[in-house]
Structures are given as structure tokens and as C-alpha cells.
Asks: 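Handing you a structure now.
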Amino acid sequence: MADPLNGVYKARQSPRVVVSRTPSGARPGRANSALSLRFERITTGRTASRQGPRYWRPEEIGSGVAQPRVPWLRYAGGNWTGVRLMRIVMIGAGYVGLVSGACLADFGHEVVCVEVDATKVDSLREGRVPIYEPGLSELVLANQAAGRLTFTTSLKAAGRGANAIFIAVGTPSLAEIGSADMRFVHDAAREIACVIEDFTVVVVKSTVPIGAGDEVERIIAERAPRDRFAVVSNPEFLREGAAIEDFKRPDRVVIGVEDDRAREVMREIYQPIESNGGPIVYTSRRSSEMIKYAANVFLAMKVTFINEIADLCERLGADVLDVSHGIGLDDRIGRRFLNPGPGFGGSCFPKDTLALTKLAADAKAPIRLVETLVDVNDKRKTAMAAKIVAACGGSVAGKRIAVLGLTYKPKTDDMRDAPSLVIVPELQAAGARVVAYDPEGLRTAKPLLPGVEFADNAYACLEGADAAVVVTEWDEFRALDLARVKASLAAPIMVDLRNIYPIKAMKALGFRYVCVGRGFGGEG
Ligand code: NAD
């Protein structure tokens with residue numbers, strides 16, 4: 001039978017952790033005289049399958065051999081051992097780099113984030129996190145204070161002696177062409193080549209085309225001996241808005257590795273996740289790169305599929321929410337990503353779907369399904385503007401339209417490829433005066449939406465408007481006092497592109513309520 005103590009435990013006071021000793025009969029809840037450790041069960045609130053003995057941790061650390069900077073203990077096969085902590089460099093302190101860096105530091109590793117944008121580095125050094133992501137500021141500050149997370153603009157100083165250097169720079173769409181722009185990844189590879197001394201694992205975390213790892217390897221090998229480094233693919237699957245939870249308790253970690261030494265380093269880096277039951281999937285490098293694209297494109301396809309079913313529901317008088325529920329209960333299909341709306345946006349789906357179509361076409365294996373979904377999704381945003389115009393009686397010329405929500409989804413301030421960036425200018429082009437409010441996205445949205453009046457809160461936004469439009473489903477919009485909303489509006493028209501309000505209640509209040517895919521014309 002497996003030892004119930006097996007797992008990884010985080011010590012609170014790292015300077016006095018005893019490692020590599022075998023406590024005889026140590027059991028949770030009892031002091032162990034040999035090590036003076038006392039254990040306490042932690043209730044985690046996690047799902048049953050993830051609860052259990054793995055969540056015990058040392059509560060008190062007594063006398064013993066001082067082992068500074070070893071905050072993790074592993075108990076396996078009757079032995080306590082320290083988890084090897086890694087020196088990690090994260091190139092790029094954007095969304096993925098910053099979240100990954102902070103989480104890896106929180107696992108106990110020593111992380112240096114290298115970022116070209118000096119303003120970002122200054123801001124981070126002063127404890128100001130430049131993006132909005134729930135819990136991220138707290139995590140960054142805590143790990144900075146513990147000395148495990150630092151920021152710099154210089155890879156030269158940070159890179160030497162690193163066990164692993166992660167590349168987490170952007171891979172945007174190349175204008176006109178649509179394939180991934182690899183400029184930043186290749187620049188990072190060239191910089192890495194100049195700092196490698198001892199064996200270093202180069203981890204490509206950015207989303208990159210299949211075969212990109214080979215190119216990174218080739219670039220580094222121009223300057224560094226091949227036996228001093230190994231290139232690994234480790235794509236990131238975090239969702240903005242839930243990024244920390246996703247990183248720390250992922251559905252899976254995918255590692256594309258073909259070098260045994262690199263595999264061991266990666267295993268140590270992700271040991272805390274593995275010990276908590278997170279599946280680690282080891283594949284070839286190319287398969288790992290493909291997994292990332294295939295996963296994103298599949299999810300984008302689900303969104304696009306339900307959007308088209310929603311349109312059909314509006315024609316035929318069915319309710320898409322019932323349909324989503326009815327098909328989603330089939331676990332071959334699953335309920336998630338079946339919420340109709342104004343089309344997908346964000347920093348990943350649009351560029352990754354496009355990049356895969358280019359990649360497939362170049363490989364002479366075009367994926368027509370994905371080509372179509374890119375086209376359908378692009379047109380949907382314009383169609384949503386037309387839907388708003390229709391709900392306003394066929395014209396918005398001279399009308400004041402209140403837009404609630406601008407970011408591509410809630411709980412982020414990210415405006416990359418947000419549907420609002422198409423819908424709002426379309427409304428303006430049709431003669432509307434747009435007033436908008438977003439709980440966290442105003443700072444990022446303002447420079448992107450010229451001619452828009454921005455309000456400080458939802459009610460101010462709605463005041464005197466000829467129609468309200470929900471573009472992003474922030475929780476605070478769900479909780480609005482709908483009677484007050486109606487009283488604030490000049491005309492009681494609500495176009496809800498996220499289906500957040502109950503049709504019956506809206507009708508009872510006297511709204512003209514138009515949503516997506518719920519009965520004829522989306523009107524219930
Ligand atoms: P981002 O634009 O927010 O961050 C990239 C950062 O890298 C920027 O701060 C930029 O200044 C910095 N940078 C560029 N070149 C550099 C260099 N040579 N040295 C140091 N810093 C450099 O991008 P992101 O959203 O974090 O995405 C990064 C990668 O991760 C992309 O490939 C993306 O597709 C992928 N990804 C993103 C998400 C997401 O939700 N944002 C999720 C999964 C995967």
C-alpha cells in the first residue's frame with residue numbers, strides 16, 4: 001500500500017529545515033523527536049480527489065541542521081528529502097511570464113524576471129504590478145519580500161548559473177500574413193546563447209509554431225556548445241482572470257523534452273504540482289507544440305459552434321442556453337465553452353487560430369474547419385453591432401449608447417482583440433455617441449477607443465442613454481439594480497450580448513430585452 005505521507009510539504013520557516021534524515025514513525029499530528037517537526041492537517045477546500053495526505057505540511061521547525069533556502073520537503077519511501085530548488089530566469093514579464101515567474105517563486109524556486117521594458121521593471125521593483133489579474137499583486141509582493149522573485153532588464157547578469165531559462169515573450173500575428181511573429185522568441189534565443197555557461201535548460205513557454213524549438217536550438221547552437229543546453233517546449237494553458245489557480249493547479253503540465261538531463265530539471269521545477277496530483281504529460285517537443293495549438297483551436301471551435309447554433313435558435317425559436325445545457329451534459333461534449341456571445345477575442349484564440357491555418361496551409365495540409373471558424377468569428381463582431389442597431393429600431397444615428405464592459409472577458413484588463421474594439425467603432429460609424437464603462441479595463445481601453453466617453457461606474461454610464469449593451473459579463477453587471485437601470489435609461493432597451501439577465505424579469509420590468517440565441521430574434 002502506498003505510504004499515506006508521500007508528498008511535498010512547505011515549511012514556513014525555511015532557514016531551519018532539516019533534510020535527508022529519516023524520521024522513524026513520523027505521523028501527522030505528532031511531534032517527531034528526531035527532527036522536532038510537528039504536523040498539522042490543512043483543510044484545503046479542494047475537490048475530494050485532490051484532498052488527502054499530500055496536504056500535510058510541517059508547522060513547526062525545530063533544531064537541526066540549518067538548510068537555508070530549502071522551503072520544500074518531500075516524504076517518499078520512508079525518507080525526507082529536500083526538493084532541489086532551481087535558479088530560474090523568465091524572459092518576458094508580461095501576462096504569462098509574470099504569472100509563471102511569481103508562481104514558480106512561490107513554489108520556492110529563485111526566479112529572476114528579465115524584461116526589456118524598463119518602465120515595467122521599475123514599476124515591478126516598486127511593487128506595482130502593471131496588469132490586473134486577481135491575486136497577482138499579492139503573490140508578487142510576497143515573493144519579492146521573501147527574496148525569491150526579482151526583476152531586471154539584463155539577461156547577462158541574471159542568466160549566468162541559471163538551471164533553466166524560460167522564454168515567455170509575445171508571439172503576435174504577423175500583419176497581413178497571420179502566422180506567429182517569432183521575432184521576439186528568436187531575439188531571446190540569441191541573447192540566451194551569449195550567457196550560457198554550464199548546462200542550461202531553455203524552456204519555450206511562448207505559444208510557437210510546430211518546429212519552433214528546432215529553430216531556437218539552431219540559433220543558440222551558433223554560439224553555445226550543443227552539450228551545454230537543451231531546448232524544451234512547455235506551453236502555458238492559463239486563463240486570464242484565473243491565471244494563478246490555473247498555473248498552480250493545472251489540468252495538466254505539458255513538457256516536450258528529448259534530453260534526459262533537461263527532463264530531470266523540468267521534473268524538479270514542477271515537482272510541487274506533480275506532488276499535488278497535477279498530471280505532467282511528457283511528449284516530444286513537436287507534439288508539445290502541437291498540443292498547445294490544438295487545445296486553443298478546439299476551444300475556439302466550441303465557442304464558434306455554439307455561436308452559430310445560437311443564431312439558428314434565434315431563427316427557429318429555440319433557447320440556446322437549454323441547448324448548451326442539454327448537449328453539455330454529455331461528457332463527450334462537456335458544458336464549458338458553450339456560452340454564446342459576441343465572438344471570441346483575447347490574446348490567444350484569434351492569433352492562434354490564424355497561425356494554425358497558416359501553418360497547416362504551409363504544410364500542404366489545410367484545416368478548412370479552422371479557416372472557416374476564423375472567418376465566422378471575424379464576421380460575428382460586426383454582426384453584433386448590426387444586432388444592436390436593429391434593437392434600437394434600425395438606426396443609432398445621434399443616439400447615446402451605453403456600453404457595459406470592454407475587456408475581452410471579465411477579471412482582466414486585457415483588451416487584445418476584444419470584441420468591443422470592433423463593436424464600438426461600428427456603432428460610432430453608424431452615428432452613435434458611445435459612453436462606456438469597464439470595472440478594470442478603462443486604463444487599457446481608453447487609448448484604443450477614440451471618441452468614446454468613459455464613465456466612472458455603471459449607473460453613470462447608463463444615465464440618459466437610448467440603449468444599454470452588455471459586451472463583457474463582469475459580475476457587477478449581473479448584480480445591477482435592474483429597476484434603477486431602467487429608470488436611468490432614456491429608453492428601456494437592453495441588448496445583452498452575454499445572456500446575463502433573466503428574460504422573464506427583464507420583460508416584467510418593461511425592458512425591450514434582446515439577448516443571444518434565446519427564442520425568436522433573441523427576444524425570449
Ligand atoms: P505579453 O505581451 O503580455 O508579454 C510579453 C513580454 O515580453 C512583454 O512585456 C515584452 O516587453 C517582453 N519581451 C519581449 N521581448 C523580450 C526580450 N527579448 N527580453 C525580455 N523581455 C522581452 O504576452 P503574454 O500574453 O504574456 O504572452 C506570451 C506568450 O504566451 C505568447 O506566445 C502567448 O501566446 C502565450 N500565452 C498567453 C496566454 C495569455 O493568456 N496571455 C496564455 C497562454 C499562453
Side-chain angles (χ1 to χ4, degrees), residues 89-103 112-124 129-134 136 151-159 165-174 179-195 202-209 212-213 216 219-220 233-247 250-254 288-289 291-297 299-300 344-356 407-409 411-418 444:
V89 170
M90 187 68 61
I91 302 185
Y95 224 108
V96 166
L98 190 54
V99 170
S100 308
C103 289
V112 184
C113 289
V114 179
E115 166 59 56
V116 274
D117 182 343
T119 323
K120 230 180 233 183
V121 170
D122 288 347
S123 158
L124 284 162
V129 172
I131 51 173
Y132 172 76
E133 174 63 37
L136 184 58
F151 300 94
T152 176
T153 50
S154 163
L155 178 63
K156 215 172 186 179
I165 303 182
F166 282 67
I167 301 179
V169 300
T171 46
S173 289
L174 267 176
S179 42
D181 184 349
M182 292 295 291
R183 211 168 2 138
F184 306 110
V185 173
H186 293 165
D187 286 351
R190 276 185 277 276
E191 290 164 31
I192 290 170
C194 300
V195 299
V202 177
V203 188
V204 181
K205 198 162 239 333
S206 301
T207 304
V208 293
V216 168
I219 293 172
I220 299 175
S233 160
N234 171 221
E236 184 50 55
F237 298 94
L238 61 78
R239 293 162 301 167
E240 294 186 9
I244 293 168
E245 180 68 11
D246 283 353
F247 191 93
D251 292 337
R252 78 303 204 187
V253 173
V254 175
S288 165
E289 291 163 345
I291 286 170
K292 175 61 191 174
Y293 272 109
N296 269 8
V297 170
L299 293 173
F344 61 76
S347 62
C348 293
F349 286 5
K351 78 173 175 68
D352 294 347
T353 45
L354 203 55
L356 191 67
T407 50
Y408 84 94
K409 69 172 185 177
K411 295 191 190 162
T412 179
D413 58 358
D414 202 332
M415 283 293 293
R416 287 179 278 187
D417 272 313
T444 41

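Predicted model only: the values in this text are computed from it and were never measured. Both ligands and their constituent atoms are indexed starting at 1 by order of listing.
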Asks: In the protein, which heavy atom is nearest to atom 5 (C) of ligand 1, and how far is it?
Replies: G170 N, 3.6 Å
Asks: Give the intermediate values and the outcome of side-chain contact (heavy atoms from CB on, under 4.5 Å) for residues I291 and F237.
Replies: CA-CA 10 Å; I291 286 170; F237 298 94; 3.9 Å; yes
Asks: Record the part of A168 in heavy-atom contact with ligand 1 below 4.0 Å; permitted values are side chain, backbone, both and neither.
Replies: backbone
Asks: If only atom types and distance count, is the side chain of E133 paired as donor or acceptor with the main-chain N or O of G241 below 3.5 Å?
Replies: yes
Asks: Any side-chain heavy atom of E289 sitting closer than 4.5 Å to one from P209?
Replies: no
Asks: For residues P235 and K205, determine if any side-chain heavy atom of one lies less than 4.5 Å from a side-chain heavy atom of the other.
Replies: no
Asks: Please say whether K351 places an N or O atom under 3.5 Å from an N or O atom belonging to ligand 1.
Replies: yes
Asks: Relative to the heavy atoms of E236, which atoms of ligand 1 are at a distance of less than 4.0 Å?
Replies: 43 (C), 44 (C)
Asks: Compute whether any side-chain donor of one residue and acceptor of the other, for T412 and Y95, lie under 3.5 angstrom apart.
Replies: yes
Asks: Which protein non-hydrogen atom lies closest to atom 2 (O) of ligand 1, naming both residue and atom, and how far is it?
Replies: R416 NH1, 3.6 Å
Asks: Do ligand 1 and D117 have nitrogen or oxygen atoms that lie under 3.5 Å from each other?
Replies: no
Asks: Name the closest protein heavy atom to atom 3 (O) of ligand 1, giving the residue it belongs to and the distance to 0.1 Å.
Replies: Y95 N, 3.2 Å
Asks: Does K292 come within less than 4.0 angstrom of ligand 1, counting non-hydrogen atoms of the residue?
Replies: yes
Asks: Between R416 and E240, is there a side-chain N and carboxylate O pair less than 4.0 Å apart?
Replies: yes
Asks: For atom 29 (C) of ligand 1, what's the nearest protein heavy-atom neighbour? Residue, atom name and distance, please.
Replies: V169 O, 3.3 Å
Asks: Could you find the nearest protein heavy atom to atom 41 (N) of ligand 1 and give me its residue, atom name and distance?
Replies: E240 OE2, 2.9 Å
Asks: Under 3.5 Å between any N/O of T207 and any N/O of ligand 1: does that happen in this structure?
Replies: yes
Asks: Among all protein non-hydrogen atoms, which one is nearest to atom 19 (N) of ligand 1, and what is the separation to 0.1 Å?
Replies: I91 CG2, 3.3 Å
Asks: Do any nitrogen or oxygen atoms of V116 lie less than 3.5 angstrom from nitrogen or oxygen atoms of ligand 1?
Replies: yes
Asks: For ligand 1, which atoms, with element, lie under 4.0 Å from some heavy atom of E191?
Replies: 18 (N)
Asks: Using a strict 4.0 Å cut-off to heavy atoms of T171, name the atoms of ligand 1 that fall inside it.
Replies: 31 (C), 32 (O), 34 (O)
Asks: Consider side-chain contact (heavy atoms from CB on, under 4.5 Å). Of V203, I192, D187, V89, which one does I167 pass it with?
Replies: I192
Asks: With sequence neighbours left out, write down each residue that passes salt bridge (charged side-chain N to carboxylate O under 4.0 Å, His left out) with D417, or none if nothing qualifies.
Replies: none
Asks: Look at the side chain of S206 and the backbone N and O of V169, then say whether any donor-acceptor pair between them is shorter than 3.5 Å.
Replies: yes
Asks: Please identify each residue that fulfils salt bridge (charged side-chain N to carboxylate O under 4.0 Å, His left out) with R252, with sequence neighbours left out.
Replies: none
Asks: Does any N or O of ligand 1 fall below 3.5 Å from an N or O anywhere on A188, backbone included?
Replies: no
Asks: Of the protein's non-hydrogen atoms, which lies at the shortest distance from atom 4 (O) of ligand 1, and what is that distance?
Replies: G94 CA, 3.2 Å
Asks: Quick check: do T152 and C113 have side-chain heavy atoms less than 4.5 Å from each other?
Replies: no
Asks: Just distances here: any N/O of S347 and N/O of ligand 1 closer than 3.5 Å?
Replies: yes
Asks: Judging by distance only, is a nitrogen or oxygen of K120 under 3.5 angstrom from one on ligand 1?
Replies: yes
Asks: Just need the protein heavy atom nearest to atom 30 (O) of ligand 1, so name the residue and atom and give the distance.
Replies: V96 CG2, 3.5 Å
Asks: State which residue, out of D181, T171, N296, fulfils the side-chain hydrogen bond (donor to acceptor under 3.5 Å, both in side chains) condition with K351.
Replies: T171
